[in-house]
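Below, chain A is the first sequence line, B the second, and so on; all start at residue 1. Basis for what follows: all heavy atoms, side chains included, without hydrogens, waters or symmetry-related copies.
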2 protein chains.
Amino acid sequence: MPTINDVARAAGVSPSTVSYVLSGRRPISAETRARVQAAIAELGFHPHAGARALASSKTNVLALVAPLRVDVNVPVIMQFATAVVTAARTHNHDVLLLTKDEGTAGLERVAHSTMVDALILMDIERDDVRLPAIRRLKQPSVLIGLPADHAGIACVDLDFEAAAALALRHLAGHGHRRIGLVGPSPAVYQRQTTYADRFLTGFLRASADLGLRTATHPTEPGTDGVRAALADLDTELPGLTALVVHNEEALRPLLDLLRAAGRRVPEDVAIVAICPRDVATSMPVNLTSIDIPAHDVGTLAVETAMRLLDHRRVEFTRLLEPSLAERDSCREIPPSHR
Amino acid sequence: MPTINDVARAAGVSPSTVSYVLSGRRPISAETRARVQAAIAELGFHPHAGARALASSKTNVLALVAPLRVDVNVPVIMQFATAVVTAARTHNHDVLLLTKDEGTAGLERVAHSTMVDALILMDIERDDVRLPAIRRLKQPSVLIGLPADHAGIACVDLDFEAAAALALRHLAGHGHRRIGLVGPSPAVYQRQTTYADRFLTGFLRASADLGLRTATHPTEPGTDGVRAALADLDTELPGLTALVVHNEEALRPLLDLLRAAGRRVPEDVAIVAICPRDVATSMPVNLTSIDIPAHDVGTLAVETAMRLLDHRRVEFTRLLEPSLAERDSCREIPPSHR
DNA sequence: TTGAAAGCGCTACCAT
DNA sequence: ATGGTAGCGCTTTCAA
């Protein structure tokens, strides 16, 4: 492998000139630049990443800490990862993939050994045990999620409170007054990933603001869990006309159960789902949904990391505005029936 | 951040001794080792990855090139990735995540700039355009998949030919004589990812060997595609009693269609699916399946890479034996009905 | 506009 | 069993 010295020699310049041609951090005459670039191309020169990192204290690598359990959210995680890698490349960075399993030790390992310039972490819990370590690192972090104490840490996520409010406003606007929430599994609440709480908070507040009758229910996985949730909601809220479903996994069993019970969607029950677009559109009924904008969130996380590295101003808490796509699972209740 | 020199000073030894304590490449007296380790712990020393890479020509990083399109196979890809990262960590390596989108340029970039010691590539096509580049790299590669010309390149995959034969043997053993193959989408065949061909080859050969009547059909995505495939198979093979399904996405629509048509599984139609275990067990009918052992394949890929790096012997083509899990979608045809 | 040279923090060879 | 030290291939300051 040729080195910068080989290139310098071939081009008849000093190594520093080659370096400056590469980095653009110094004006270079057009002809010198041309000679250097020709030499680079001819020799097939590529700067040695380790040498660069050592000399410049920059690795051009981002750590992405992902929950790599085999989970229901797999598609969403993949969308985040794809967005992060793609966005990182547009900023000339690569991505080192860590599992959440490694915990605090993993972060510290890659940070302390100077393998990465910044970290992006997914699946942040309310009182995430990694937060103290994150605060101590010399590299900046961007969290995808919102822990309880996020002072001084950059966080990016969908605004789940606003999402809940948006779902209820949509349904209320269609004349629905009795609305049930099919929530995430108890495991999600226990894991304290805060999106569940934030959604619930927004749901309850909007319910009060809009003067709705609502009931909420966490949902155990599997058809049995969904059946139980539906039964409880029906009991607590007789005559409910709409459901908000914040649980991807529950969608299909829910639709099956409703069909089996002879309850049509949207004629008898309206549904707003919170899930990735392609999940909403691959169901037996094309579901009106609020998208989980994994791509945007991932891209924004990378952009935030880049700003932090450049010492540019960042908003430390960025909650993306939800947007609702109307499809076929909500219909207007005629005023006479309200 | 403390350096190796700081540690050496604190422990009253030379930097090289610290280095040897770290690497274990030289005998060190117990007491010296203890002093050095105490100094390391006290100072919170972590070797600088770039400096290490520069001095030793080893990065302890593996590249994982994954197809990060948002695809049907997402869960399988995640399982590969998880296995690779986990296995890499047990060998003290980290994983740099690249997208297949970057193509040959991406491989060359990370290889030429010495960011990685070896590469693991997924989603290999029959005449993969990256193969020539892969052969030229100074770093070894391990392919997950089997291209047409794989001479001299380490490849790891499920033995899809054997998988097809296993599926047919199982069904034949249960008395089935007319068996249809619900294949992958035409897009998969066009993309020339060879697992589709290999499965088909194995299917046709075993069909002949076992004296079966079979028909095969690629399957367009969506319920309509599955409906068309099923109709064609029924036409080509009237009275078929079993289906082999090599298409995850088709499974649910297929089961829905069969139910709608009043054809019971397994009483009227037996099914063997080729898919991850959790997909097979999350269907309305618990499906007898041949697992795609993503975890094993990923782990083996890493192990193979490690052997290559250590200049140990490797088998260049490792096709893992398929295994079939009996569940509820195949039943014995009574001899009187065969 | 360009060059010279001092590091960056390690590893591994050559000594002892 | 341990130490000294010359690089590894860059970046960046200081000089011109």
Handout entry: Between C:dT11 (P) and A:H48 (NE2): distance, integer Å
Key = 13 Å
Handout entry: B:M115 CE - D:dG9 C1' separation (whole Å)
Key =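 Result: 15 Å.
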Handout entry: Side chain A:R26 and base C:dT1 donor-acceptor under 3.5 Å
Key = no
Practice task
Look at the side chain of B:Y20 and the base of C:dC13, then say whether one donor and one acceptor between them are separated by less than 3.5 Å.
Solution key: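 Result: at least one qualifying N/O pair found.
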Exercise for the section: Map B:R33 and A:T3 onto DNA chain D by nearest heavy atom, then report which one ends up closer to the 5' terminus. Expected result: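 Residue closer to the 5' terminus by nearest nucleotide: B:R33.
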Students often get this wrong, so: under 4.0 angstrom with heavy atoms, is [X] touching a base, only sugar-phosphate, or nothing?
X	result
B:S16	base
A:T32	sugar-phosphate
B:R25	sugar-phosphate

Looking at [X], does any N or O in its side chain come under 4.0 Å of the phosphate oxygens OP1/OP2 on [N]?
X	N	answer
A:S29	C:dT2	yes
A:S56	D:dT11	no
A:S14	C:dA4	no
A:R52	D:dT11	yes

Handout entry: Pairwise side-chain contact, B:I134 with B:L119, heavy-atom cut-off 4.5 Å (strictly under)
Key = no
Practice task
Could you check which of D:dG9, D:dC10, C:dC10 has an atom nearest any side-chain atom of B:A51?
Solution key: C:dC10
Exercise for the section: Answer with yes or no whether the side chains of B:H91 and B:E303 bring together a donor and an acceptor at under 3.5 Å. Expected result: yes
Completion exercise
NE2 (B:H48) and NE2 (A:H112) are apart, to the nearest 0.5 Å, by 13.0 Å
Handout entry: Candidate list A:R313, A:R312, A:R318, test salt bridge (charged side-chain N to carboxylate O under 4.0 Å, His left out), partner A:E315, passing option
Key =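 For A:E315, the salt bridge (charged side-chain N to carboxylate O under 4.0 Å, His left out) check succeeds only for A:R318.
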